[in-house]
S.K.: 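Can you read through this structure? Questions will come right after.
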Amino acid sequence: MADVVETDICVIGGGSGGLSVAAGASQMGARVVLIERAEMGGDCLNTGCVPSKALLAAGHAAHSMRTADRFGLDTVEPKVDWAKVRGHVKSVIAAIAPMDSVERFEGLGVKVIQASARFTAKDQVSTDNGKTVKAKYFVVATGSRPFVPPVDGLEKVPYFTNETVFDNAEPISHLIVLGGGPIGIEMAQAHRRLGAKVTVVEMFEVLGRDDPECAGIVKQNLKREGLTLLEGTKVLSAAKSDKGISVKVEKDGDTTVLDGSHLLVAAGRKANVEDLDLNAAGVDFTAKGISVDAQLRTSNKRIFAIGDVAGGLQFTHMANYHAGLIIRQTLFKMFWAKADLDAFPWVTYTDPELAHVGMSEADAVERLGEGGFRLLRWSFAENDRAQAEHAIDGLIKVVTDKKGFVKGATIAGPQAGELIMPWVQAIAGKQKIGAVAGLTFPYPTLSEVSKRAAGSFFTPALFSERTKKLVRFLLKF
Ligand SMILES: Cc1cc2nc3c(=O)[nH]c(=O)nc-3n(C[C@H](O)[C@H](O)[C@H](O)COP(=O)(O)OP(=O)(O)OC[C@H]3O[C@@H](n4cnc5c(N)ncnc54)[C@H](O)[C@@H]3O)c2cc1C
C-alpha cells in the first residue's frame with residue numbers, strides 16, 4: 001500500500017520557483033510537501049546563474065591581468081588552470097547550497113521528498129519511490145532543460161550544454177557556441193577571457209531580444225576581445241574531426257566548415273513537462289510549457305505552474321516573482337493577484353553588462369507611436385567614474401511618455417545590472433522622470449548616467465530662449 005501524505009500545498013521541483021513557494025508558504029503556516037528529483041536549487045544554483053556568474057568572474061579576472069596596462073601596470077598573460085577554475089566554480093555553488101538544502105527546508109517545516117513526481121489524478125501525485133501526495137493546491141515548478149536542435153550528426157559528437165560545461169576541467173582551445181542568446185554569449189565571453197578561441201553561430205542576431213543599439217555596444221566589445229560572431233548563420237551539420245569537432249554552417253547560401261576543439265549547445269530551452277503525466281490531472285500544455293493565465297492557474301484550477309515551465313521569460317527572479325503571486329492566492333485568497341511585467345528587469349552579465357526594463361525604443365514606437373514618446377540618452381564616455389576606470393563603452397536609453405512618465409530603460413555599460421534599479425522603481429511606482437532627475441547622486445559614480453539622462457528631459461525647456469528672457473527679467477529686481 002502506497003504511503004499517502006495529505007497536505008495544503010504540494011510543490012513539484014526544488015529550483016528557484018519551487019523553493020520560494022515552499023519556504024514562504026511553510027513559514028506562513030501552510031503544510032507544504034516539496035518533491036525534487038535531482039539537486040536542490042535546480043538550474044540556477046547547479047547549472048545556471050550561479051556557475052555561469054562564477055565562470056564569468058574568473059574570465060573577468062583574467063581579462064584584468066591582460067589589460068592592466070590601461071592603468072600603467074605591466075600586463076600579464078594569465079596561466080589558466082582549468083581544473084582550478086572548475087574548483088572555484090564548484091566552491092561558489094557549495095557556499096550557496098546550504099540555503100537550498102533539504103536540511104534547511106526541513107528545518108523550515110517543509111516535508112521534502114527526494115523523488116520524481118507525476119500526476120495520477122486531478123488532486124494527487126505519485127512519486128517513483130512509492131509515495132502519494134494529495135493536496136489542496138499543487139505548484140508545478142519543474143523548470144526547463146537545454147533544447148538541442150535537430151542538427152545532422154549532432155547526436156554523434158560530444159558537446160557541452162549548461163548541464164555539463166561547468167564540469168569541464170580541460171583546456172579548451174577553440175569553443176564553437178551554437179546560439180547567441182544571453183546564455184551562449186555569457187559563456188562565450190567567459191571562455192574567450194580564459195584563453196579559448198571562441199566562435200558563436202547564431203541563426204538570427206546575437207542578443208536579438210535586446211535594444212539593437214545597446215546590444216551593439218556589447219557585440220562591439222566582444223569582437224574587440226577576439227570573439228567571432230557569425231550572425232544570420234545556420235548550423236547544417238556537425239561531425240568529429242582531427243581537431244575535435246567540425247561544424248558546417250551556411251550564410252546566404254555559402255557554406256563554411258568551422259573546426260573547433262569543443263562545442264557548446266546553447267540554442268534555447270525546453271520546458272520539463274513530459275514526465276509529469278499532465279493529462280492525468282487535466283492540465284493543458286504545449287511545446288512551450290504549461291498553459292497558464294495571468295494568475296498562473298492551469299486548466300485545473302487547483303494546479304498552478306510557475307517559473308521556466310510556465311513558458312514565459314525564463315529567469316530566476318521571474319520564478320521568484322511567480323512564487324509571491326502563488327502565496328498570495330493560495331494562502332491569503334487574493335485571487336486578483338496577477339502577473340504584471342511592466343517593471344520586470346533582465347540583465348545579461350557580459351562585460352559591459354546589458355540591462356533592460358519596460359519599453360525599449362522599438363516598443364515605444366510600436367505602442368506609443370512615432371512622436372508619442374521621449375527618448376533620453378547619455379553616454380558613459382561623459383561619466384567621470386567611467387573615464388577613471390577606462391570603462392567608457394556604454395549608453396543609457398530611457399523612454400518616457402510625452403508627459404514624462406517613465407516607461408522603460410536599457411543600459412549597456414559597466415554594472416548596468418545595478419544601474420537599472422532606479423528605473424525599475426520609477427516604472428513600478430508610476431513615477432515621472434523628475435523623480436530620478438531630482439535625486440542627488442554621489443560623485444563620481446556610474447549611476448550619475450541615470451541622473452544625466454533624466455535631466456536631459458528638461459534641457460530643451462530649461463535652456464530655451466523663453467527661460468533666458470524670464471531670467472533676464474527676474475534679475476532686474
Ligand atoms: C547557463 C544559465 C545561466 C542563467 N543565468 C541566469 C541569470 O543570471 N539570472 C537569471 O535570473 N536567470 C538565469 N538563468 C535562468 C534560471 O536558471 C532559470 O530561469 C531558473 O532556474 C528557473 O527556475 P525554476 O524554478 O522554474 O526551474 P529550476 O530551477 O530549473 O528547477 C526545476 C527543478 O524541478 C526538478 N524537477 C523537474 N521535473 C521533476 C519531477 N517530475 N519531479 C520532481 N522534480 C522535478 C528539477 O530537477 C529541478 O531541480 C540561467 C540559466 C542558465 C541555463
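Atoms within each ligand, like the ligands themselves, are counted from 1 in listed order. As a basis for the values below, the full set of heavy atoms in this structure was taken, side chains included, without hydrogen atoms, waters or symmetry mates.
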S.K.: Hey, do the aromatic rings of F344 and H317 have their centres closer than 6.0 Å?
M.R.: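 Under 6.0 Å, so yes.
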S.K.: Would you call the rings of H356 and W346 parallel, tilted or perpendicular, where under 30° means parallel and over 60° means perpendicular?
M.R.: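 The rings of H356 and W346 sit tilted, inter-plane angle from 30° to 60°.
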S.K.: Show me the pairs that pass salt bridge (Lys or Arg N to Asp or Glu O under 4.0 Å) and involve residues 223-237, at least two apart or across chains.
M.R.: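 Output for this query lists R193-E225, K219-E231, R224-D393.
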S.K.: Check residues 308-316 and write down every donor-acceptor pair under 3.5 Å in which the side-chain atom is one partner and the other belongs to a residue at least two apart or another chain.
M.R.:
from: D308; atom 1: OD2; to: S144; atom 2: OG; distance (Å): 2.8
from: Q314; atom 1: NE2; to: D308; atom 2: O; distance (Å): 3.2
from: T316; atom 1: OG1; to: S16; atom 2: OG; distance (Å): 3.1

S.K.: Pairs under 3.5 angstrom only: tabulate donor-acceptor contacts from the side chains of residues 32-42 to other protein residues two or more places apart or in another chain.
M.R.:
from: E36; atom 1: OE1; to: G14; atom 2: N; distance (Å): 2.6
from: E36; atom 1: OE2; to: A38; atom 2: N; distance (Å): 2.6
from: R37; atom 1: NH1; to: D275; atom 2: OD2; distance (Å): 2.8

S.K.: Under a plain distance cut-off of 3.5 Å, with no hydrogens placed, do T298 and N300 share a side-chain donor-acceptor pair?
M.R.: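 Their side chains do not contain a donor-acceptor pair, so the 3.5 Å distance test is not met.
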S.K.: Sort out the contact shell of ligand 1: every protein residue with a heavy-atom distance below 4.0 Å, listed by chain and number.
M.R.: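 These residues qualify: I12, G13, G14, G15, S16, G17, I35, E36, R37, A38, E39, G42, D43, C44, T47, G48, C49, S52, K53, A115, S116, A117, A141, T142, G143, N162, I183, R269, L276, G307, D308, Q314, F315, T316, H317, A319, Y349.
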